[in-house]
Amino acid sequence: SNQQTLFISSGINAEYGIGALGVGGGGVAGWITAFKTMEENKALGVLGIIVSLAWCANCLIAVYLIMQIHKTYRTTGQSMEKASGEFAASAGSNRNVAQAVLRSL
């Protein structure tokens with residue numbers, strides 16, 4: 001449903017935000033990790049800052065896209081019921097999809 005999609009998207013965006021922070025032991029090079037590394041090795045610190053910028057850009061782009069999708073969804077008068085009906089109709093008429101569903105049963 002729409003709420004599940006929003007929940008999943010929020011979780012993904014939270015992951016991007018945690019990645020941008022670079023919490024220690026998380027395995028990602030974020031701001032915290034980059035500045036700690038800068039004290040020991042300048043080159044790795046700069047690389048960490050570049051990776052942090054990429055994580056931030058990824059997070060901002062994901063939030064922007066979700067906002068645009070939501071705005072488009074609301075302004076066109078669409079509903080999840082219409083979307084799932086269209087998907088079911090198109091997937092049901094596709095022979096390959098129907099065969100895959102039958103094989104999975």
Which atom pair, heavy atoms only, marks the closest approach of [X] to [Y]?
X: Gly48; Y: Ala34; result: C-CB, 3.5 Å
X: Tyr16; Y: Ala62; result: CE1-CB, 3.7 Å
X: Ala20; Y: Cys56; result: CB-SG, 3.7 Å
X: Thr33; Y: Gly22; result: OG1-O, 2.7 Å

Residues in side-chain contact (heavy atoms from CB on, under 4.5 Å) contact with Gln68, at least two apart in sequence or another chain |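 Listed in chain order: Tyr64, Lys71.
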Pairing residues for Ser10 by the side-chain contact (heavy atoms from CB on, under 4.5 Å) criterion, not counting sequence neighbours |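 Per chain and number, Ser10 pairs via side-chain contact (heavy atoms from CB on, under 4.5 Å) with Leu6.
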Nearest-0.5 Å distance that lies between atom CG in Asn58 and atom CG in Asn13 =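 One finds 8.5 Å between CG of Asn58 and CG of Asn13.
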Nearest-0.5 Å distance, CG of residue Leu47 to NZ of residue Lys42 = 15.0 Å
Spell out, as yes or no, whether a donor-acceptor pair under 3.5 Å connects the side chain of Thr37 to the backbone of Leu44.
->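 Absent.
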Which ILVMFWY residues can you reach from Leu53 by hopping between side chains whose heavy atoms are under 4.5 Å apart?
-> Trp31, Phe35, Met38, Val46, Ile49, Ile50
Does Ile18 share a hydrophobic cluster with Leu21, counting links as ILVMFWY side-chain heavy atoms below 4.5 Å and allowing steps through other members?
->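 In one cluster with Ile18: Leu21, yes.
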